[in-house]
Amino acid sequence: MKQDSPYDVDVLRKEFPILDKEVNGHPLVYLDSAASAQKPRAVIEAQREYEAHFHSNIHRGVHTLATKATEAYEGVRAKLKNHINASKREEIIFTSGTTDSINLVAGTWGRANLKKSDTIVLTRLEHHSNIVPWQILAQEKGFAIEVVEIKENGELCENSLKEKLALSPKIVCVSHVSNTLGTINDVKNITKQAHQVGALVLIDGAQAAPHKTIDVQVIDCDFYAGSAHKMYGPSGVGFLYGKHELLCQMPPCRGGGEMIESVSFEKQTTFNVPPYKFEAGTPNLSGVVGYGAAIDWINSLGLDNIAAHENSLLEYASSKLLQIEGLRLIGTAKSKASVISFLVDGIHPSDIGTLLDQLGIAVRTGHHCTEPIMTKLGIPGTVRASFAAYSTFSEVDALVAGVERAVKMLR
Amino acid sequence: MKQDSPYDVDVLRKEFPILDKEVNGHPLVYLDSAASAQKPRAVIEAQREYEAHFHSNIHRGVHTLATKATEAYEGVRAKLKNHINASKREEIIFTSGTTDSINLVAGTWGRANLKKSDTIVLTRLEHHSNIVPWQILAQEKGFAIEVVEIKENGELCENSLKEKLALSPKIVCVSHVSNTLGTINDVKNITKQAHQVGALVLIDGAQAAPHKTIDVQVIDCDFYAGSAHKMYGPSGVGFLYGKHELLCQMPPCRGGGEMIESVSFEKQTTFNVPPYKFEAGTPNLSGVVGYGAAIDWINSLGLDNIAAHENSLLEYASSKLLQIEGLRLIGTAKSKASVISFLVDGIHPSDIGTLLDQLGIAVRTGHHCTEPIMTKLGIPGTVRASFAAYSTFSEVDALVAGVERAVKMLR
Amino acid sequence: MHANNSLELRQGQIIEEFDMFPDWMEKYEHIIELGKELDPIAEADKIDDNLIKGCQSRVWLTASLNDEGNIIFFADSDAIITKGLVALMIRVLSDAKPREIASADLHFLEAIGLNAHLSPTRSNGLLSMVKQMKMYGLAYSAR
Amino acid sequence: MHANNSLELRQGQIIEEFDMFPDWMEKYEHIIELGKELDPIAEADKIDDNLIKGCQSRVWLTASLNDEGNIIFFADSDAIITKGLVALMIRVLSDAKPREIASADLHFLEAIGLNAHLSPTRSNGLLSMVKQMKMYGLAYSAR
Ligand SMILES: Cc1ncc(COP(=O)(O)O)c(C=O)c1O
Ligand SMILES: Cc1ncc(COP(=O)(O)O)c(C=O)c1O
């Protein structure tokens, strides 16, 4: 089946040390990349190189190491700016991950702007990270949270969106790609509609950034969030894109070093400009450097090539899995990323996960931090397999065989 | 001068790849460890090993890699618990650093408990990270911030402390060790006095944890914060210790994955127990693993040995520097950690820093994120040299010679 | 002493029983079998109050004291492997003195190579269930 | 063209001048000398309004237009090395046409091996000062 791939996956896999591993006596079949992607040697070595040869705290240092470390760090900001086509490097804030990014928006823009009489809009598809920060803030401020519902196939319901937008929300928070159902939302169109009613738009891009070319200027969203660890980079790093004028207006989030202009007990403490205003304290330096290497790695392969490869895997896996009796796919949107959730009649997902693990196959089971989807669909969770640039057709075969075997045991 | 050292520093230095470096044609003399410590090979390799062989997202996974990654992560929590002698592992929250830890306390405990009529107490010695989060919150809530002043030598003024405690503050936030003046505060005694007036105590341990054995039960503080990157560990990781009953009462901080028990749009969303309640999203996994290696490394050397070594360096450096005409030490507390700030009459600190850099000597100049100290002392900043376990007497000699040379050029 | 021994004995039997299954598949097939055979809990008891928190698969647990002062446990799960493991726990801990239960040293899962399921990192609720069973032991022995 | 050339010429002279100092010490000694020789700014101009933000060492900058329509810069710093670098900037940019200043390509710092001081990562305010000087150029040429 390899003929479908725009690059040689077997060669590519050699760059990922972990993919050689055995688990429970079987070669590892890692189908949990949506939870966290594995890292190529280039990323691992970039971090090591940094720590072994260039580490120093950044900014405000007059010594050479501090300058080099700062240049490395700011260089990744510029890289990321290009990668998502932001218009200015000042629009890229480094955070510790998507969750942190969304909490930043809720904690600064949200706390400063949302009042009791306001409404905000989320969708049924959101990850807890794009729900709970808003619920916590709503408890403090008293605004209403309205939810765009989904259709049976896991697509957002256009009518529901229209209804909710008619309520003139202050912000619409929507995932670019659902981590549970794989649904790719038309965020450009949603943004356009939201802007028409005067709402800001925050996009949770945690699952989109590893699989799609992101152009924040084309989407025209106000905020966009992502995590390095889902993009072949280190954990503990992520980004928030925000339109520059918005960032300038927003109050700071966390207080500490770097984010200030001048601190005083007697006069007013004043704050730095974006992005520094939002980056308090010593950042994850080696993580950011590793993230830079990850972006380079992705670009050297090409996101389009990655997407093409993943799409063939998705198609292949879907058709193969559907041959298993009683198996149904959860999430069958027309436009779908390489995440495949399924259930087998009468069998609990965690049982399948446990037995697959015995075969060295790593899938995720449960609600995938999207309980509202489970509530809506009336299911206890799903088994989720997710693909990345390094996934193979034979891994799909192993998955299908594994599920068949598990189902036989469990029935 | 090596006879003073409880271990062989030359052998130890071989574990730090960066210390072999040349900067501007001179061997690197790294005297900026208070900003960020260099990392031994054991730490760098632990991260690499994790990323190359064990990486997976943690918690809620049924597969083996997820279990192993979770065990590694939770194992470091247990290690840290022992390291600072917390009474329960649930009292250790992983954060992205000291700044994040203090903001967490301000954002949850502070926001939930501080009212307009309240007073909190900080000290003149605090790092911006222990000032600005409280100022930001004070702007929102309207409470008063009172400041314990310092004496000429950089020690906290006991009378000022007593005065401020007499105002019945809700919390006293104090650094264990000043990053600018080196003052070691008697936090056990301060905590006792604060508790007598019913105040909670938060200790910023960023500078203490690398140099002193910390026993949070002996200190009896309510919160204690620290950063891995100052403890020979990775950047982007830190911890917050909090007394368990306090953590249980505190509302969550950031919302997202892991910190919830159940998320619903229809019913009440409910939260996990500490520490998970405060750890939203995918954490800095490789960073935490590296932190574990750093704690092991510190303990294998022994914090008492490190402190003894650093103290002889401090004494040696102080007496040597004082022989330079017009040089005065800024911060001469009786109890002092291995941070040495100084000024030379008529010379701007940044000029000295720039010339030292030409000699390969990395010091920090400026206000060191403690502007209120500078305001009080009426100085533009200081030159700061700071020592770590790997610093040597000949590095002190290089510093002294370098300062002499710079001063000659600048006068 | 005797009491603890009897929990020891029960664990020994299970270890012996699993010795017959060197292969993970047979082991899990046996567990699945045990799950299927477990006396069902009354539907009326499948309520939130009896639910063990923090689980991916749900576990319900109830307990009562019989005339001999032994605790009898009933439990159920919606996942069959969890249910099989629950059945093993019940075989060891049910119908025993509260004090024995509270102080039981459950080493058999380790011995049969399934202790990963007791790891706090798993979210199958087994560890929470064991804690809950011991809490019952403690609570009843305090009376 | 001529105008730009003259800024080019000025930069060329500085590069030549620094060529005599192969050694960093002599180079810095020269910069320090230049700092000492810089015409002091009026004390009355050392106010916050003329302060360049974001600096570890402080830099003050003022500008005025002379009869020939050239901008004249005055600047000062509390750090002598920064002041020396400021003096170099003034030598290149002062007494020049607004338009020339706005579009100047300042490559001499790189050529004399001191461009690290222009890095955004330094906090000596030099980069901000250069930006501010160009802003003046832009503002005056718009008139
Ligand atoms: C759609 C979505 N949003 C947000 C997140 C949270 O990302 P992180 O855990 O890196 O903060 C995830 C990751 O699971 C996700 O899939
Ligand atoms: C005393 C003190 N507190 C807080 C901090 C902030 O630590 P971090 O930047 O790791 O958050 C520092 C580090 O500079 C410090 O020295």
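Within every chain, numbering begins at 1; the chains are lettered A, B, ... in the order of the sequence lines, protein sequences first and strands thereafter. None of the values given here were measured: they were computed from a predicted structure.
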Hydrogens and angles aside, do A:S56 and B:D32 bring a side-chain donor and acceptor to less than 3.5 Å of each other? no

Could you walk me through whether A:H128 and B:T269 pass the side chain to side chain contact (heavy atoms under 4.5 Å, CB included) test, one step at a time? CA-CA 10 Å; A:H128 293 165; B:T269 286; over 6 Å; no

Looking only at non-hydrogen atoms, find the nearest pair between [X] and [Y] and report the distance.
| X | Y | value |
| --- | --- | --- |
| B:G257 | A:S129 | N-OG, 3.5 Å |
| B:G256 | A:P133 | N-CD, 4.5 Å |
| B:P252 | A:I136 | CG-CD1, 3.8 Å |
| A:E261 | B:E371 | O-OE1, 3.8 Å |

At a heavy-atom separation under 4.5 Å, does [X] approach chain A through its side chain, its backbone, both, or neither?
| X | result |
| --- | --- |
| B:P372 | both |
| B:A37 | backbone |
| B:F54 | both |
| B:T370 | neither |
| B:H55 | both |
| B:R124 | both |
| B:E140 | side chain |
| B:L104 | neither |
| B:V288 | neither |

Please flag which part of [X] lies under 4.5 Å from any non-hydrogen atom of chain B: side chain, backbone, both or neither.
| X | answer |
| --- | --- |
| A:E266 | side chain |
| A:P283 | backbone |
| A:L122 | side chain |

Interatomic distance, [X] atom [atom1] to [Y] atom [atom2] [nearest 0.5 angstrom]:
| X | Y | atom1 | atom2 | answer |
| --- | --- | --- | --- | --- |
| A:S264 | B:K376 | OG | NZ | 12.0 Å |
| B:M374 | A:S262 | CE | OG | 12.5 Å |
| B:I131 | A:I260 | CD1 | CD1 | 9.5 Å |
| A:N284 | B:N284 | CG | CG | 4.5 Å |
| A:Y30 | B:H63 | OH | NE2 | 5.5 Å |
| A:I44 | B:E51 | CD1 | CD | 5.5 Å |

Any idea which of [options] has the most non-hydrogen atom pairs under 4.5 angstrom with chain A?
| options | result |
| --- | --- |
| B:T99, B:N57, B:V43 | B:N57 |
| B:L28, B:V147, B:I361 | B:V147 |
| B:T282, B:N130, B:V23, B:L356 | B:T282 |

Heavy-atom pairs under 4.5 Å with chain B: which of [options] has the most?
| options | value |
| --- | --- |
| A:A35, A:A52, A:S227 | A:A52 |
| A:G353, A:C253, A:A362 | A:A362 |
| A:H53, A:R111, A:M259 | A:R111 |
| A:H368, A:H127, A:E45 | A:E45 |
| A:S96, A:G366, A:A280, A:G97 | A:A280 |

Report yes or no: does [X] contribute a side-chain atom to a donor-acceptor pair with the main-chain N or O of [Y] at less than 3.5 Å?
| X | Y | result |
| --- | --- | --- |
| B:Q47 | A:R48 | no |
| B:Q135 | A:Q268 | no |
| B:S235 | A:L285 | yes |
| A:N103 | B:G255 | yes |

What do the steps show when you test A:L65 against B:Q38 for side chain to side chain contact (heavy atoms under 4.5 Å, CB included), and what is the final call? CA-CA 11 Å; A:L65 274 185; B:Q38 297 301 343; 4.2 Å; yes

One pair to check against side chain to side chain contact (heavy atoms under 4.5 Å, CB included): B:T375 and A:F265. What are the steps and the verdict? CA-CA 9 Å; B:T375 309; A:F265 286 130; over 6 Å; no

